[in-house]
Protein chains: 2
Amino acid sequence: MSDAGDVAEHKRMRGATVDYVLRHVRDGIFQGQYAPGQRLIEADLTRELGISRGPLREALHRLAADKLLEIVPNRGAIVRRLSMREMLELFSIRIALECLAVREATAKLAAPVIRARFESDTEAIWMPEQRAPGRGYIAENKSFHDAIIRASGNETLGIVTSQLQLPLLMFQFNKMLTAGNIAASLAEHRAIAEAMLDGDAADAETCMRSHLERARQVASEMPSQVFRSEARAR
Amino acid sequence: MSDAGDVAEHKRMRGATVDYVLRHVRDGIFQGQYAPGQRLIEADLTRELGISRGPLREALHRLAADKLLEIVPNRGAIVRRLSMREMLELFSIRIALECLAVREATAKLAAPVIRARFESDTEAIWMPEQRAPGRGYIAENKSFHDAIIRASGNETLGIVTSQLQLPLLMFQFNKMLTAGNIAASLAEHRAIAEAMLDGDAADAETCMRSHLERARQVASEMPSQVFRSEARAR
DNA sequence: TCGTGCAATATTGTCAGACAATCTGATGTT
DNA sequence: AACATCAGATTGTCTGACAATATTGCACGA
């Protein structure tokens, strides 16, 4: 589409070519332009993006490290598709880490500076339904969970969780976001925040766990065709 | 050292060059050949290893993704050094994930097949001191923790934890392994395994947590010069 | 008709050489 | 001493090339 315009853009700054490809392919995957299972041919991409193979390969391999692509020797890169099992495993891990974050964050909230920042970061969840459904909610959800991790002060945890979230984005989650789901999720966010501000770490952790377990439940009800078949297709 | 011999070796198989570099640099870091903070000059490495810049850069960037190197734009790769704070954060995360593993694994041990494999995987911890001190223990420790994750059946968890362990290996931990530490660790392993085989998930998790917290304690007593100073040196 | 083996094509993995952008350190000027 | 300038070092990227491997289409025989 707007590729022709983008081609020139990355030329301006040196060292940005790889990043440019990274973003292009990642966005292409999330927006469904590159479908799961599709092969990404190096020659095509170099032509489309107006770059050479070196930076392109580097970008593809980094995306493979993030589990967005799968690279088969001598066959190149294909867009990865998660099996339902892998998605459930990712959720287990995410639950464990977000519970850790909520515990550490609740303790840190005793400090006024951290508390003030957390309150301003989570302002949005207290405002009544002023937001557009669907697309807007995803950003709000992300910023709430990010605020907790930020308050925990554990930077490494932030890096790890952000990497875990990426593959989950590959399912177009917004399709699942009914008004009911959004309302329930928002209520749970509020419960979590209240428990945290009360200093009740155990309660906050419980709320977080059930919040994520419900999200997992919703995710597991997605049509089975969005998942990769479990049988090792290698 | 034996580089000259290795140079030819990777030529045999196509598609193994990047892997070859990966292993070389990783081992060089763990064995102290490449010291933390040291710059890795592309020209030097291509000459030493007899490869071209393409695969080399790919390998360096992958190691950067694993947090073993840091890549500064237009300055290249330097061997990363963790701050004490980052090490503690890594331990927090590892504790959360290994507790998750122990819970899931204990549940799975009800199945005879899983149970049998777990028992054979952890055979070593029941045998009295037939092992060499130091070096041998690290492998034994790793295989015990791996056995738990394997029994949990959560493959994604295995991938994530193995990536988390890598940076920790950068400290030469073996220097810290006194006979007393090894004995204590072994006893804790046995306690964990017993609780798991008894089906007592809560107890197993408690044992695992205190086991790792003690390890963290030992690690935090390492001489401060092995850590990077916390001030952002950028 | 259906599989099987083989040649032609497509694609990747790697190499070599080149160039400009950028960083580093030393030199000279004020 | 502070600052500007310059040469060398190093990286980021490009181009073109070649062999190794995978894929495809097709002729051939059972």
Side-chain angles (χ1 to χ4, degrees), chain A residues 3-4 6-25 28 34-35 37-65 68-80 232-234, chain B residues 3-4 6-25 28 34-35 37-65 68-80 232-234:
Chain A
D3 283 350
D6 297 345
V7 171
E9 190 170 356
H10 82 278
K11 290 272 185 180
R12 288 178 198 156
M13 278 188 293
R14 176 187 171 74
T17 308
V18 175
D19 249 33
Y20 166 66
V21 182
L22 228 54
R23 258 195 301 277
H24 174 89
V25 177
Y34 299 129
Q38 176 178 342
R39 278 183 75 182
L40 299 180
I41 309 296
E42 291 183 2
D44 296 344
L45 286 174
T46 54
R47 211 178 322 108
E48 279 177 39
L49 303 180
I51 57 170
S52 69
R53 285 178 68 203
L56 172 65
R57 301 186 102 248
E58 210 167 283
L60 293 182
H61 279 278
R62 275 206 245 173
L63 289 171
L68 294 187
L69 300 180
E70 190 167 5
I71 289 185
V72 186
N74 293 315
R75 290 222 35 205
I78 63 181
V79 180
R80 195 153 179 270
R232 284 257 169 265
R234 299 185 180 170
Chain B
D3 283 350
D6 297 344
V7 171
E9 189 170 355
H10 83 277
K11 291 272 186 180
R12 288 179 198 155
M13 277 187 293
R14 177 187 172 71
T17 307
V18 175
D19 248 35
Y20 165 67
V21 182
L22 229 54
R23 259 195 300 277
H24 175 89
V25 178
Y34 298 129
Q38 177 177 343
R39 278 184 73 183
L40 299 180
I41 310 295
E42 292 182 0
D44 296 344
L45 286 174
T46 54
R47 212 178 320 109
E48 280 177 38
L49 304 180
I51 58 171
S52 68
R53 284 177 69 200
L56 172 64
R57 300 185 104 248
E58 212 167 282
L60 293 183
H61 279 279
R62 272 207 250 174
L63 289 171
L68 293 187
L69 300 181
E70 190 168 6
I71 289 185
V72 186
N74 292 316
R75 292 223 37 204
I78 63 181
V79 180
R80 196 153 180 271
R232 284 257 167 265
R234 300 195 175 163

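Below, read A as the first sequence line, B as the second, and so on, with proteins coming before strands; counting in each chain starts at 1.
The side-chain heavy atoms of Arg47(B) and Asp44(B), taken from C-beta on, include a pair separated by under 4.5 Å. Put simply, the side chain of Leu69(B) reaches to within 4.5 Å of the side chain of Val79(B), judged on heavy atoms.
Going from atom CD of Glu58(A) over to atom P of dT12(C) covers 17 Å, rounded to whole Å. To the nearest angstrom, P of dC14(D) lies 14 Å from CG of Leu45(A). Computed from coordinates, the Leu56(B) CG to dG13(C) P distance equals 17 Å when rounded to whole Å. The nearest whole Å value for the distance from the CG atom in Leu49(B) to the P atom in dG13(C) is 20 Å. The CD atom of Glu70(B) sits 15 Å away from the P atom of dT11(D) (whole-angstrom rounding). One interatomic measurement links the two molecules: CG of Asn74(B) to P of dT10(D), which rounds to 14 Å at whole-angstrom precision. Note: CZ (Arg57(B)) to C1' (dT10(D)) measures 10 Å, nearest angstrom. Counting to the nearest Å, the P atom of dT11(D) and the CG atom of Leu69(B) are 13 Å from each other.
Ile71(A) comes within 4.0 angstrom of no nucleic acid atom, judged by non-hydrogen atoms across all strands. Among the protein residues, Gly76(A) comes within range of the sugar-phosphate backbone only, with heavy atoms under 4.0 Å from sugar or phosphate atoms but none that close to a base. Looking at heavy-atom distances under 4.0 Å, Leu60(B) makes no contact with the nucleic acid at all.
Comparing atom distances between the Glu42(B) side chain and each of dT14(C), dT12(C), dG12(D) picks out dG12(D) as nearest. Of the candidates dT12(C), dG12(D), dT10(D), the closest approach to any side-chain atom of Arg53(A) belongs to dT12(C). Of the candidate nucleotides dC14(D), dT11(C), dT10(D), dT10(D) has the atom nearest to the side chain of Arg39(B). Nearest to the side chain of Ser52(B), among dT12(C), dA16(C), dT13(D), sits dA16(C). Distances were taken from every side-chain heavy atom of Thr17(A) (C-beta onward) to each of dC14(D), dT10(D), dT11(C); the shortest belongs to dC14(D).
Each of Arg75(A) and Pro55(B) was matched to the nucleotide of DNA chain C holding its nearest heavy atom; the match closer to the 5' end belongs to Arg75(A).
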Kindly determine whether Arg62(B) and Val18(B) satisfy side-chain contact (heavy atoms from CB on, under 4.5 Å), including the steps that lead there. CA-CA 10 Å; Arg62(B) 272 207 250 174; Val18(B) 175; 3.2 Å; yes
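Checked by atom type and distance alone, the side chain of Arg39(A) pairs as donor or acceptor with a backbone atom of Arg75(A) at under 3.5 Å.
Here CD of Glu42(B) is found 4.5 Å from CZ of Arg57(B). Values are rounded to the nearest 0.5 Å.
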